[in-house]
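Numbers restart at 1 for each chain; the letters A, B, ... are given by sequence-line order, proteins then strands.
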Protein chains: 2
Amino acid sequence: MTAVGMKIGALAIRSGLPIKTLRYYEDLGLLPAVGRSEGGYRLFAEESLRRLDFIRRLKSLGLTLDEIQECLAVHDAGELPCGDIQRQLQRQIDLVDGRLRELRLFRRELQSLLQNWQSDPAPNTAVICPNLNV
Amino acid sequence: MTAVGMKIGALAIRSGLPIKTLRYYEDLGLLPAVGRSEGGYRLFAEESLRRLDFIRRLKSLGLTLDEIQECLAVHDAGELPCGDIQRQLQRQIDLVDGRLRELRLFRRELQSLLQNWQSDPAPNTAVICPNLNV
DNA sequence: TTAGAGTCTCCCCATAGAAGGAGAGTCAAG
DNA sequence: CTTGACTCTCCTTCTATGGGGAGACTCTAA
């Protein structure tokens with residue numbers, strides 16, 4: 001009378017994630033099954049639900065599955081992953097800041113082009129678009 | 001004594017783009033060759049250089065190759081593509097603005113999480129990360 | 001025992017824009 | 001004529017995260 005574990009369909013329903021995703025996560029090592037049934041069906045522990053909540057949350061914070069797996073490895077080693085997650089989140093902020101800078105610069109370039117745009121310039125056979133001069 | 005046209009290697013050197021890219025553009029219809037040699041080699045006109053400058057510029061402004069092709073189709077129809085490009089650039093600005101809003105919101109979420117972060121919280125067996133509460 | 005639902009593995013597909021390579025054919029100079 | 005450089009088409013691979021489906025197998029309730 002061992003606790004048998006959930007089959008993948010039950011986990012899918014309870015977690016709200018598609019079966020395909022659960023298999024994918026298991027293949028990646030993100031979501032270890034406790035074992036297999038005699039017929040080869042994956043069996044998952046209750047804990048998998050917590051793990052999926054964690055994965056989903058970190059995904060929503062922009063971490064890749066690889067990065068999430070690193071955090072889970074720390075957890076599985078018996079330590080709190082808070083420090084690692086903190087570092088990852090700080091890295092996310094840095095990435096976002098870099099991206100924001102790029103986008104603001106890009107926006108200025110686009111805006112300044114449109115600023116002086118001539119809707120109906122004189123055709124110029126040497127360029128395709130006289131406004132861009134190329 | 002017809003103008004024979006460049007072979008792809010010459011166009012690659014003069015444009016600074018890899019041969020693979022030129023073939024790719026030709027396959028997409030972005031960069032029509034004037035024809036083929038008897039042996040099947042692509043032959044390009046001088047005008048291809050201008051076309052590639054145009055493509056490169058619009059790519060740098062964030063347009064997809066599909067969108068660039070639409071502009072080139074207008075050009076090839078004998079019209080100035082300035083109006084179409086203007087619309088595309090305005091669309092780019094709108095996309096950038098949307099993205100900027102998303103990123104700013106996202107940054108605030110990350111920042112507020114880190115604001116209250118406890119580097120060394122009390123372990124909690126019901127969650128993986130007490131700071132995130134999942 | 002049987003039917004139907006659930007699950008398995010394996011493979012292809014998608015995005016966008018190419019890059020890498022194999023194997024065969026072509027071109028130009030000496 | 002030969003040789004080396006160039007080019008051809010066709011196929012696979014890359015990123016990241018799965019989705020879709022085929023064909024076979026398993027499980028469970030009646």
Self-check item: Nearest-neighbour nucleotide for the A:Y24 side chain, D:dT9, D:dT7, D:dG18 considered
Solution: D:dG18

Quiz item: Where the side chain of A:T21 is defined as all heavy atoms beyond and including C-beta, which of C:dA18, D:dG18, C:dT7 is the nearest nucleotide?
Solution: D:dG18

Practice problem: Would you indicate which nucleotide in C:dT7, D:dC27, C:dA18 comes nearest to any side-chain atom of A:I19? | Solution: C:dT7

Quiz prompt | Derivation and outcome, side-chain hydrogen bond (donor to acceptor under 3.5 Å, both in side chains), residues A:D84 and A:Q88 | solution = CA-CA 6 Å; A:D84 301 77; A:Q88 290 289 355; over 6 Å; no

Practice problem: Look at all strands and tell whether A:L65 reaches a base, only sugar-phosphate, or nothing, counting heavy atoms closer than 4.0 Å. | Solution: sugar-phosphate

Quiz item: Any idea which of D:dC8, D:dT17, C:dC27 is nearest the A:K59 side chain?
Solution: D:dT17

Exercise. Starting at atom CD of A:E26, determine the distance to atom C1' of C:dC10, rounded to an integer number of angstrom.
Key: 15 Å

Exercise. With the side chain of B:P18 defined as its heavy atoms from C-beta on, choose the nearest nucleotide among D:dC27, C:dA19, C:dT9.
Key: C:dA19

Quiz item: Out of D:dC10, D:dG20, D:dT7, which nucleotide sits closest to the side chain of B:Y41?
Solution: D:dT7

Self-check item: Position toward the 5' end of DNA chain C (nearest nucleotide), B:D66 or A:L43
Solution: A:L43

Quiz prompt | Whole-Å gap separating C1' (D:dG19) and CG (A:D27) | solution = 14 Å

Practice problem: Grab the CZ-P distance between B:R23 and C:dA19 for me, whole Å please. | Solution: 12 Å

Quiz prompt | A:R42 side-chain N/O to C:dT7 phosphate OP1/OP2 under 4.0 Å | solution = no

Exercise. Please tell me which of the listed nucleotides, C:dA19, C:dG6, D:dT17, lies nearest to the side chain of A:T64?
Key: D:dT17

Self-check item: Phosphate OP1/OP2 of C:dT7: any A:S37 side-chain N/O under 4.0 Å
Solution: no

Quiz item: What is the distance from CE of B:M6 to P of C:dA28, rounded to the nearest Å?
Solution: 16 Å

Quiz item: Rounded to the Å, how far apart are A:E38 CD and C:dT7 P?
Solution: 17 Å

Self-check item: Nucleotide C:dC8, atom P - distance to NZ of A:K7 in whole Å
Solution: 9 Å

Self-check item: B:K20 NZ to C:dA22 P, straight-line distance once rounded to whole Å
Solution: 11 Å

Exercise. Take the protein atom CD1 of B:I8 and the nucleotide atom C1' of D:dA5, then report the distance between them rounded to whole Å.
Key: 15 Å

